[in-house]
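All remarks here apply to the structure that follows.
Below, all heavy atoms of this structure are taken into account, side chains as well, without hydrogens, waters or symmetry copies. Order of listing sets the numbers, starting from 1, for every ligand and every atom in it. Keep in mind that this is a model prediction, so the values were computed, not measured.
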Amino acid sequence: MRPESLFPAFAPTTSLKGCGPRLAPLVEKLAGGRVLDLWWHLPSALIDRRYRPRIAEAEPGRIATIEITVDRHQPPRNPRLPYKILGHDGSGRITLVFFNGREEFLKRSLPEGEVRIVSGQIELFDGQVQMTHPDRTGTAEEIAQLASVEPVYPLTAGLAPRTLAKIIDGALARLPDLPEWLDPAWQKKQRWPGWREALLAAHRPETPSDLEPDCPARQRLAYDELLSNQLALLLVRRRLKRLSGRPLQGDGRLRDRLETLLPWPLTNAQRQANAEIAGDMASDRRMLRLLQGDVGSGKTMVALNAMLLAVEAGAQAALMAPTEILARQHAETLAPYCEKLGARLALLTGRDKGKARTALLERLAGGEIDILIGTHALFQDDVVFHDLALAVIDEQHRFGVGQRLGLAAKGQRDKGGVDVLVMTATPIPRTLALTAYGDMDVSKLTEKPPGRTPVDTRTVAADRFLDVVAAVKRKIAAGERVYWVCPLVEESEQSDLAAAAERHSSLRMALEPEFGEGSVALVHGKMSSAEKDAAMAAFASGAARLLVATTVIEVGVDVPEATLIVIEHAERFGLAQLHQLRGRVGRGGRPGACLLVYSGPLGETAKARLKILRETDDGFRIAEEDLRLRGAGEVLGTRQSGLPEFRLADLVAHADLLAAARDDARLILERDPKLASERGQALRVLLYLFERDSAIQYLQSG
Ligand code: ADP
Ligand code: MG
């Protein structure tokens with residue numbers, strides 16, 4: 001149960017003064033719908049009204065607060081011209097400029113002959129000092145009431161700066177006093193304020209340095225968030241480990257024969273990963289290992305090796321893929337080997353229903369299936385294994401701690417827990433891996449199978465569409481196959497689908513006269529499984545030569561004849577995603593090419609990103625660069641990546657704090673595994689504050 005002290009935090013923003021039905025949706029879009037979302041919405045700049053020069057000394061471009069005598073109003077003769085007010089002080093003259101100024105209002109707030117204070121940006125126009133739309137005007141007393149330094153918050157259209165600032169003030173007025181969860185010695189050493197104090201300070205910057213990620217207040221808040229993340233991950237991990245593992249010993253009979261069946265020798269990296277996994281499986285602790293390897297690095301064989309080990313030991317293994325297409329593909333790749341080895345492999349997807357499904361589940365429960373491949377259909381309650389010992393989860397580039405737990409829970413209790421191997425094709429930078437998985441053991445396939453040439457990557461402006469189509473035609477005429485990727489932007493899925501369908505029909509018009517009806521196929525997420533399969537099958541068999549696809553996931557397949565990939569709106573994709581997509585071509589020995597079609601003009605960052613892709617083929621370097629150029633939350637392209645999002649921590653700026661938080665979390669749970677001490681209780685509040693509630697469940701279930 002959430003502690004009572006946090007109830008105000010989770011109240012809706014509509015409970016705040018000034019946040020009515022018109023503004024609440026805007027606030028929600030900007031920051032979130034609850035009071036604490038506004039706490040986390042920190043200012044990005046400040047306005048300093050302490051600069052109070054005389055008119056003659058005011059520096060153009062700066063925000064200045066000046067005391068003037070109002071001389072004369074000059075309403076415009078033509079309404080399109082601005083309303084002007086002339087004024088002076090002892091040093092010189094100033095003109096205040098208002099577009100669409102309302103005379104009545106201006107006469108009242110800046111009466112002729114009176115002394116007033118105006119605050120705003122100083123401009124020089126024709127050698128005259130002027131200020132357009134001062135953001136503050138008033139008498140000396142009125143101005144003295146206002147804060148001399150104001151926070152500037154990131155905004156969204158329709159929400160005025162002062163309106164938002166007032167709503168946020170209201171949210172801050174509800175900040176509770178929470179017990180301190182930091183270790184006192186560490187806090188003192190860092191010179192960090194308490195949590196409430198830190199949050200208030202972060203919202204009330206005094207100088208530009210107070211906006212920097214390394215100022216004490218922001219550091220502390222970031223640390224709190226990172227600590228909650230690391231603590232939660234550690235709790236999950238400890239829970240998995242506590243369901244103890246069992247030693248699995250294989251005699252090598254299947255794995256040794258597999259090697260003789262493979263048309264090529266394993267890479268050293270694959271051998272190394274196999275050995276690490278076998279070591280984990282042999283121990284009586286549970287395996288929780290992440291297998292990281294760039295696209296095409298050969299993870300599938302490592303997975304098969306691990307699964308065969310489980311089978312040698314007399315148990316079962318499962319492989320879960322993120323999509324049906326990928327599950328099918330894995331099954332097709334592995335089936336021929338399994339057949340020769342006498343390992344019984346089956347495929348289970350959401351599409352299997354009725355009698356066939358029941359029969360399959362019976363064989364599974366009876367131990368007549370050794371290796372089960374599938375989608376998340378594997379989690380369903382009626383899927384009961386005879387003796388599951390290993391779960392391999394192929395995440396490609398989606399992540400979900402919850403799902404891992406689900407599959408791991410399927411192991412037979414009396415026999416011990418399920419070993420878990422997570423495969424990811426996204427070379428996650430170390431910092432991200434740590435926040436997504438905590439201290440999972442990691443195997444990396446850093447070396448690719450020999451004979452791969454890097455994909456020839458070029459950028460092309462969208463207005464050279466005809467050239468791109470010509471390049472596609474050349475490839476197809478040479479007997480090769482082409483992917484054409486249209487981006488899917490979450491907000492407007494419908495219009496993106498429409499765009500993809502339109503692209504499909506325009507490419508059909510361009511290509512089918514030459515290459516025949518059906519030579520251009522389309523696959524997107526809203527198709528039925530059968531339609532998707534048909535399109536994929538047509539492309540794999542060569543009946544279709546060009547495949548128009550909307551999402552990354554759907555093209556996560558292996559078609560060795562594909563040698564060119566065209567990516568439209570490349571500027572909208574994350575670097576890692578582009579790298580993934582590019583990895584789809586050039587797998588069959590023939591060199592691959594990638595055309596990144598962009599719609600300009602490109603910003604500096606977009607340019608830098610596309611340049612990195614042209615320059616390097618090293619997925620790990622690309623991932624690091626991506627993290628450097630963009631926020632961590634964006635690295636994997638979409639929010640749906642399932643990676644934790646941070647509101648206060650910046651994984652680049654606060655990388656060292658992350659390591660400290662990890663160590664802190666370890667020490668905390670070593671000393672106080674149930675979080676029962678006084679500090680432990682405070683840490684529970686921290687977990688609730690950052691919505692890591694599910695981790696607390698693991699704590700309570702002991
Ligand atoms: P990943 O899943 O890591 O993207 P895959 O396991 O699909 O990569 O392997 C990519 C391709 O490389 C496959 O066609 C596979 O048969 C091939 N492959 C795997 N291991 C080797 C190896 N040691 N030598 C040569 N080719 C390999
Ligand atoms: Mg793969």
Can you check whether Gly296 has an N/O within less than 3.5 Å of an N/O in ligand 1?
-> yes
Between Arg621 (side chain) and Thr616 (backbone), is there a donor-acceptor pair under 3.5 Å?
-> no
Sub-3.5 Å N/O-N/O distance, Met301 and ligand 1 | no
Taking heavy atoms and a distance under 4.0 Å, where does Asp294 meet ligand 1: side chain, backbone, both or neither?
-> backbone
Nearest candidate to atom 6 (O) of ligand 1, where distance is taken over non-hydrogen atoms, out of Leu304, Leu326, Thr300 | Thr300
Side-chain donor-acceptor contact under 3.5 Å, Thr375 with Glu324 | no
Using a strict 4.0 Å threshold on nitrogen-to-oxygen distance, state whether Arg582 and Asp456 make a salt bridge.
-> no
Between the main-chain N or O of Arg481 and the side-chain N or O of Glu561, is there a donor-acceptor pair closer than 3.5 Å?
-> no
Polar contact flag, side-chain donor to acceptor under 3.5 angstrom, Asp617-His579 | no
Taking 4.0 angstrom as the limit, do Arg344 and Glu339 come out as a salt bridge?
-> no
Sub-3.5 Å N/O-N/O distance, Leu266 and ligand 1 | no
Under 4.0 Å, heavy atoms only, figure out whether ligand 1 is touched by the backbone of Pro265, its side chain, both or neither.
-> backbone
Looking only at heavy atoms of Gly583, does any of them come nearer than 4.0 Å to an atom of ligand 1?
-> no
Region of Met423 engaging ligand 1 - heavy atom pairs below 4.0 Å | neither
